[in-house]
Structures are given as structure tokens and as C-alpha cells.
Amino acid sequence: MSMATPLNTTLQRSPLPLPCFSVFFSPFHPSTTLSVTGIRKRCLRMVTSCVSHSQSSVQNNGVTDAAVSVRNQIRLGLPSKGRMATDTLDLLKDCQLSVKQVNPRQYVAQIPQLPNTEVWFQRPKDIVRKLLSGDLDLGIVGLDIVSEFGQGNEDLIIVHEALNFGDCHLSLAIPNYGIFENINSLKELAQMPQWTAERPLRVATGFTYLGPKFMKENGIKHVTFSTADGALEAAPAMGIADAILDLVSSGTTLKENNLKEIEGGVVLQSQAALVASRRALTERTGALDTVHEILERLEAHLKAAGQFTVVANMRGTDAEEVAARLKTQPSLSGLQGPTISPVYCKRDGKVSIEFYAIVICIPKKALYESVQQLRAVGGSGVLVSPLTYIFDEETPRWSQLLSNLGL
Ligand SMILES: Nc1ncnc2c1ncn2[C@@H]1O[C@H](COP(=O)(O)OP(=O)(O)OP(=O)(O)O)[C@@H](O)[C@H]1O
Ligand SMILES: O=P(O)(O)OC[C@H]1O[C@H](OP(=O)(O)OP(=O)(O)O)[C@H](O)[C@@H]1O
Ligand SMILES: [Mg+2]
């Protein structure tokens with residue numbers, strides 16, 4: 001089942017946004033495992049214990065009902081480390097929003113192009129937590145982290161769900177040997193006679209919210225979870241777990257550890273996303289304008305990144321005739337149709353029009369095919385250049401955001 005978050009949707013509020021959840025799990029310790037059936041009862045117990053021992057409880061920055069705190073700067077959270085950090089800065093640079101960070105250990109920085117905005121470098125999960133607590137207004141993180149730590153909170157809004165990096169999916173994987181050799185789907189896994197209330201399927205994961213939720217939604221009863229911070233792929237071979245639920249990109253780590261994905265085992269598709277706090281967008285002065293500018297720059301860059309500009313000369317009697325010839329070829333329509341301009345040549349002292357210059361945008365993937373189609377209709381002198389930005393009249397994501405905010 002794919003749970004890819006659709007464009008600009010608000011995640012559903014969970015009935016149990018649990019502030020103390022992580023206290024429950026510790027690395028691969030059987031006493032800290034959690035059964036899906038027992039989850040609600042134990043969560044309730046934990047909430048109760050958090051309330052009754054509030055003096056000593058650990059706050060996990062849940063949403064508070066207070067009005068947005070008074071500050072003049074808009075705060076944008078960016079990943080401080082890990083594989084998303086460099087790609088995020090590169091993307092912003094490509095949008096002419098370079099981040100000026102004096103040294104890598106400094107956690108606050110500026111974007112000179114956005115003078116009312118402060119950048120705060122944080123770990124991805126803390127970006128989501130701080131969006132919920134009101135300590136950040138905007139952030140760039142993976143959709144996996146938004147789902148895991150946002151837990152369906154309505155205050156989180158996904159402004160742009162596809163920033164084109166950090167592609168991966170969250171997937172259940174099992175060994176490709178032993179009792180799992182002929183198991184290839186979630187259904188087959190669930191039907192294995194081995195899993196009972198006394199001996200449930202043991203899953204190692206860092207996704208302790210999404211994991212139990214996924215199993216419950218798929219009707220898998222006899223399952224427990226344990227957690228660790230990395231190298232989960234080792235858990236089955238070490239005998240600590242039967243399966244793992246972790247991020248997969250190239251699939252190399254699974255393969256190298258003799259694990260395989262199974263049909264129906266994908267929990268969600270993820271890539272980097274621009275996320276905002278609903279309260280910040282509706283209540284903080286300047287936040288909506290800032291998100292509009294960031295969104296426009298991102299859209300213009302990402303749209304252009306997949307396209308080339310192609311300029312070619314075509315012999316013809318007039319612009320309409322050239323256009324009609326171009327339209328016979330499926331890849332030559334451009335974004336809104338070709339631009340065709342006369343080329344004025346001087347021959348025997350007289351100015352005449354024998355050629356027309358055509359300008360079209362074509363998808364990078366279709367480059368060679370398009371050049372062949374151009375030649376087939378009489379194109380010559382084909383010039384191909386990269387496109388930097390495509391600013392549309394208005395981005396569809398902006399109108400969706402406004403309607404999501406009720407504006
Ligand atoms: N193999 C991968 N390929 C592509 N993107 C990935 C991959 N693994 C993780 N991601 C994305 O990058 C984000 C950050 O992952 P990364 O492993 O860099 O940081 P982390 O797990 O928070 O840090 P650490 O692993 O050091 O604790 C993930 O939330 C996910 O969105
Ligand atoms: O499918 P692949 O391309 O092999 O990538 C998948 C691996 O990448 C992530 O780990 P990461 O490299 O972040 O290490 P970590 O476990 O220490 O977080 C993820 O947890 C997988 O282990
Ligand atoms: Mg990692």
C-alpha cells in the first residue's frame with residue numbers, strides 16, 4: 001500500500017498524539033517491545049503517567065494552544081546533518097537563496113535574499129517537532145519524517161511534496177533464506193503459522209509510529225517492534241528480529257544483508273518536502289509572503305531543471321506553415337506551443353525571409369528524439385541550452401495552499 005502524501009493535503013490528526021512515545025522503546029530489548037493489540041492501552045497508560053508526573057516528564061514539543069510567540073523573524077528549519085543537509089543547501093542555492101553560514105557548527109544562519117527569515121539547522125525529526133511546537137515556521141525534511149513525527153497533526157501543511165531529492169521508500173523486508181525463502185508478500189508473511197501471541201513476528205524499526213499503524217491497518221495481529229538508531233539490516237542475521245521496517249533507496253543495503261522486500265510491504269514513498277506550520281502561515285506576519293516567494297522560486301527551478309531550450313532554423317513560406325509542420329511531431333509542441341520568428345536575410349541587396357527561428361522547451365529525457373523530429377520537418381542548426389527558471393503565471397501549489405488555509 002502506498003501512503004505517499006498527496007499534494008498540499010493536511011495530515012489527519014491522530015487520536016493519540018503521544019508525547020512520551022519514544023521512552024517506550026529501547027534498542028532491541030524484549031521488554032520494551034510493543035504489540036499492536038496492546039498499543040492503545042499502553043499508550044493511554046503512558047499518557048496518564050506523563051500527566052501525573054508532569055514535574056519530571058520529558059516534553060516532546062507537542063502543539064500548544066497558545067497564540068504564536070512574538071518574534072519578527074520567520075524561522076526556516078533545515079537539516080543540520082545527514083544525507084539531506086547538503087542537497088537542501090544546494091537546492092536553495094539553485095533557487096538563488098544561498099544560505100550564509102559562518103561555520104558549520106553554527107546552528108543559525110541567514111539567507112540574504114530573504115532578510116526577514118532566519119535559518120535554523122536541526123536534525124530532521126526536530127524540525128518536525130519544532131514546527132509543531134511553534135519554534136519553527138517552515139522546514140525542509142523528508143516526507144517519511146513528516147509522517148513519523150507529525151503523526152497526522154493538522155497543524156503541519158505540506159507546501160511542496162516533491163523537491164526532487166532524498167527519494168526513498170519505507171518498506172518491510174525479510175530474509176531471503178530459511179523459513180522466509182518462499183514468502184514474497186505481506187499476505188504470505190501474515191499467514192505463516194510461526195506467528196502466535198506467544199511468539200509474534202519481531203520487527204526492528206526506527207519508525208515506531210508508522211510501523212505499528214501499518215501493521216494494524218493490514219490486520220497483522222501477532223507482531224512486536226523493537227528499535228535501534230541505525231544498521232537495522234543486521235537485526236535478522238543477529239537473531240534479534242524476523243523482519244525490518246526501514247528506508248530503502250537503491251536496495252543495496254538490503255541485498256548485501258540477504259534481505260528482500262515483499263509485495264504489499266511498502267508503507268510510504270518519500271522525498272524531500274517543504275513543510276509549514278498552519279498557525280505560522282495564518283498568524284505570523286510575513287510568513288505567507290515568505291512561503292509564497294520560496295515556493296515560486298522552488299517551482300521555477302524544479303520545472304526548469306527537467307527541460308532544455310531548443311532553438312533551430314526552419315525554411316518556410318510563412319510562420320503558420322512552419323507551425324503546422326512542427327505540430328505534426330509529438331515532441332515539438334513546447335510548453336505552450338512553439339515561438340516562431342522570422343529570420344531576415346540580405347541577398348543581392350534585398351532583405352528577404354526564407355527561414356524562421358523556432359524556440360521550444362523540451363523535456364531533457366526527450367532530447368535526441370526531439371532533435372530527430374526537428375530534422376524530419378526541415379530543422380537545421382539546432383542549438384540546445386539549459387533552462388534555469390520557468391516562472392508560470394501562478395503555481396498550482398500556491399492556490400492549493402491558500403484553499404487549504406481557507407484563504
Ligand atoms: N538511502 C536513502 N536514500 C535516499 N534518501 C534517504 C535514504 N535514507 C534516508 N533518506 C532520506 O534522508 C533523510 C535523512 O536521512 P539520514 O540517514 O541522512 O539522516 P538520519 O537518519 O536522520 O541521520 P542518522 O542516520 O545519522 O541518524 C531521511 O529521513 C529520508 O527522508
Ligand atoms: O537502499 P540503499 O540505497 O542501500 O539505502 C538504504 C539505507 O540508507 C539508510 O541508512 P543510512 O545510510 O542513512 O545509515 P543509517 O542506518 O546509519 O541511518 C537506510 O536506513 C538504509 O539502511
Ligand atoms: Mg540514516
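Atoms within a ligand are numbered from 1 in the order they appear, just like the ligands themselves.
Residue contact check: G166 has heavy atoms under 4.0 Å from atoms 5 (N) of ligand 1. Those atoms of ligand 2 with a heavy atom of S250 less than 4.0 angstrom away are 1 (O), 2 (P), 3 (O), 4 (O). Below 4.0 Å from some heavy atom of V248 lie the following atoms of ligand 2, by number and element: 1 (O). Shown in contact with D246 at under 4.0 Å from a heavy atom are these atoms of ligand 2, numbered in order with element: 19 (C), 20 (O), 21 (C), 22 (O). Less than 4.0 angstrom separates some heavy atom of E233 from each of these atoms of ligand 2: 21 (C), 22 (O). For ligand 2, the atoms sitting less than 4.0 Å from at least one non-hydrogen atom of T252 are 1 (O), 4 (O), numbered in the order shown with element in parentheses. Heavy-atom proximity to R83, at under 4.0 Å, picks out these atoms of ligand 2: 8 (O), 9 (C), 10 (O), 11 (P), 12 (O), 13 (O).
Comparing H169, K81, R83 by heavy-atom distance to atom 6 (C) of ligand 1, the nearest is R83. When the options P124, G251, A231, G82 are ranked by their closest heavy atom to atom 22 (O) of ligand 1, first place goes to P124.
Between D242 and R199 there is a salt bridge, since a side-chain N of the basic residue sits under 4.0 Å from a carboxylate O of the acidic one. Salt-bridge annotation for K93 and D90: absent, with no side-chain N of the basic residue lying under 4.0 Å from a carboxylate O of the acidic one.
Heavy atoms of T253 found under 4.0 angstrom from ligand 2 belong to the backbone as well as the side chain. When heavy-atom distances to ligand 1 are checked against a 4.0 Å cut-off, Q271 has no atom that comes that close, whether in backbone or side chain. Only the backbone of A231 comes within contact range of ligand 2, with a heavy atom under 4.0 Å; no side-chain atom does. For V248, no heavy-atom contact with ligand 1 is shorter than 4.0 Å. By the criterion of a heavy-atom distance under 4.0 Å, neither the backbone nor the side chain of K125 is placed next to ligand 1.
Close N/O approach between S249 and ligand 2 is found [any backbone or side-chain N/O within under 3.5 Å]. Not one N or O of L254 is nearer than 3.5 Å to an N or O of ligand 2, by distance alone.
Note that CD1 of I183 and CD of Q194 are 8.0 Å apart. Values are rounded to the nearest 0.5 Å. Within the model, atoms OG of S249 and CG of D167 stand 7.0 Å from one another, a figure rounded to the nearest 0.5 Å.
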